[in-house]
Amino acid sequence: MMSDERKDDLETVPEAVDVTIFVCTNCRDEIDPETRPGIGMIAALREATAGKPLAVKPVTCLANCEKSPSAAFNHRSGWSYVFGHLTLENVEDIVTGAMMLAGDERGFLPLRGRPACLRGKGMTARIPPFHHHEDMPS
């Protein structure tokens, strides 16, 4: 028998997904080590992204433990981003940021208008797509 989480992953039509939000499931809450904040965040994000060109998937580790809980955005043909210090209060902002990335024709998350939790200390990394090319600075 297939779990409901796995069914959700299979029901997402890949062509309809512009951005996948990966949420770390490994980190534990500092106060209650039995709690894994990413698990609750996945459920809240799946509800908040219903009907949008976004997928939400668990990932065992994003190697961002000092900033947990963490999430990553992966654009289907553009840039990827890793964020930390997220909470359930950030769910709508996470969806807003993912939709900004999905709506950018270059697959780039603009800084202007980006929610505060996805800037500064909340941002860990920006990763170019494999096909990215820039010339050396002169």
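Since this is a predicted model, take the numbers as computed values, not measurements.
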For the atom pair [atom1] ([X]) and [atom2] ([Y]), what is the distance rounded to the nearest 0.5 Å?
X: N26; Y: S68; atom1: CG; atom2: OG; result: 9.5 Å
X: L62; Y: K67; atom1: CG; atom2: NZ; result: 12.5 Å
X: M99; Y: T49; atom1: CE; atom2: OG1; result: 10.0 Å
X: Y81; Y: F73; atom1: OH; atom2: CZ; result: 10.0 Å
X: R28; Y: I39; atom1: CZ; atom2: CD1; result: 10.0 Å

Verify side chain to side chain contact (heavy atoms under 4.5 Å, CB included) between F108 and R126, making sure each step is shown before the conclusion. CA-CA 9 Å; F108 191 81; R126 180 176 73 186; 3.3 Å; yes
Counting C-beta onward and ignoring hydrogens, is there a side-chain heavy-atom pair between [X] and [Y] closer than 4.5 Å?
X: P115; Y: E92; result: no
X: V17; Y: R76; result: no
X: F83; Y: N90; result: no
X: P69; Y: C27; result: no
X: L118; Y: M123; result: no
X: P129; Y: W79; result: yes

Would L86 and V95 show up in the same hydrophobic cluster when neighbours are defined by side-chain heavy atoms closer than 4.5 Å?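 In one cluster: yes.
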State yes or no: do V91 and I21 share one hydrophobic cluster built from I, L, V, M, F, W and Y residues joined by side-chain heavy-atom distances below 4.5 Å, directly or via other members?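 Linked within one cluster.
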Hydrophobic cluster mates of I127, side-chain heavy atoms under 4.5 angstrom, ILVMFWY only, any path? V82
Residue pair [X] / [Y]: nearest heavy atoms and the distance that separates them:
X: A98; Y: V19; value: O-CG2, 3.7 Å
X: K121; Y: H85; value: O-CD2, 3.5 Å
X: A102; Y: D18; value: CB-CB, 3.6 Å
X: D93; Y: C117; value: CB-SG, 3.6 Å
X: V23; Y: I42; value: CB-CG1, 3.5 Å
X: R114; Y: M100; value: N-CE, 3.7 Å

Which is it for M41 and L88 under the side chain to side chain contact (heavy atoms under 4.5 Å, CB included) test, yes or no, and what are the steps along the way? CA-CA 6 Å; M41 189 171 291; L88 286 175; 4.3 Å; yes
Mind checking side chain to side chain donor-acceptor pair (under 3.5 Å) for E89 and listing every partner two or more places apart, or none if nothing turns up? T87
